[in-house]
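Note that the numbering runs from 1 along the sequence shown for the chain. First listed ligand is number 1; within each ligand, the first listed atom is number 1.
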Amino acid sequence: MKVLALSSSPRKDGNSRLLAQAVLDGATSMGHKVELIDLADVVKAPLGDCRTCRLADGRCSIDDGYEELLHTVLAADALVLATPLYWYGVSGQLKIFLDRIFCHAGAEYPRHEEVERGILHKRLAVVVTSEESYPGASLGVTAHMQELARYLRHDLVGIVRGTANSRGEITRDPAKPVEQAHNLGTLLFELPVTDYRMDTVRDGVVWQGGAPFIAGKAR
Ligand SMILES: Cc1cc2nc3c(=O)[nH]c(=O)nc-3n(C[C@H](O)[C@H](O)[C@H](O)COP(=O)(O)O)c2cc1C
């Protein structure tokens, strides 16, 4: 499988990129093909007004490599989105990457059908780093990623959050987010992603091969 990480921190020796790399290392250990792209190297300008700034052939007039990047994204089976927590949300680079999908999904863009088809149905892993540790700080990112996954029919396999501020400090987080990220990478295509309703037909056990564990009770 192809696993593509989009690292959205402008710091290439920073914390979120390190978590993204750990996910990729985990995926590599399972034999998957991996690639990491730093969005700051590619995405140079925000979405404009598509009505006025498209080229005559319908393509985006911002000439910064986004189109090629997007087609690399379409070819991936799994995406790893890495972001520092900025003002309780995702980084500007990641938001701009997402915003500009719009220009390429519109009917004016000559390859829009490829985009509409290719952007759907991926495994999605998210890694976030923040200076603050309290759980509420990253809730905005969690909600954003859940809605994004719902809209794009992605399987949101996991979100790893680490606490750190200075470059590379994430390796000293005693909650071991680097190990968590590596583990997520190994399980990227294995973990079940479920979203039950009351009437969902289901087995009653998640992991085959044993009775479910209920604290204080044998069942
Ligand atoms: C513009 C900016 C905004 C930030 N906003 C927050 C924030 O809202 N909450 C927080 O806990 N940390 C915040 N931080 C700290 C970063 O999330 C933290 O340093 C993170 O580890 C940086 O990741 P990186 O090393 O991948 O760039 C902010 C940092 C910057 C530069």
Donor-acceptor pairs under 3.5 angstrom involving side-chain atoms of residues 175-186: please list them, not counting sequence neighbours.
unit_1 : atom_1 : unit_2 : atom_2 : d
Q180   : NE2    : A175   : O      : 2.8
T186   : OG1    : N183   : O      : 2.6

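- Looking at every heavy atom in both residues, H154 comes nearest to H121 through CD2-N, 3.7 Å.
- Each of V3, L152, L4 was evaluated against L79; a single residue qualifies, L4, per the side-chain contact (heavy atoms from CB on, under 4.5 Å) test.
- The immediate protein surroundings of ligand 1, defined as residues with any heavy atom under 4.0 Å of it, consist of S9, R11, G14, N15, S16, P84, L85, Y86, W87, Y88, T129, S130, E131, E132, A164, N165.
- Sorted by first and then second residue, the salt bridge (Lys or Arg N to Asp or Glu O under 4.0 Å) pairs with a member in residues 186-199 read D195-R197; sequence neighbours excluded.
- Through direct or indirect side-chain contacts shorter than 4.5 Å among Ile, Leu, Val, Met, Phe, Trp and Tyr, F102 is connected to L47.
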Working for side-chain contact (heavy atoms from CB on, under 4.5 Å), residues R11 and R17: CA-CA 8 Å; R11 302 205 292 194; R17 191 184 198 275; over 6 Å; no
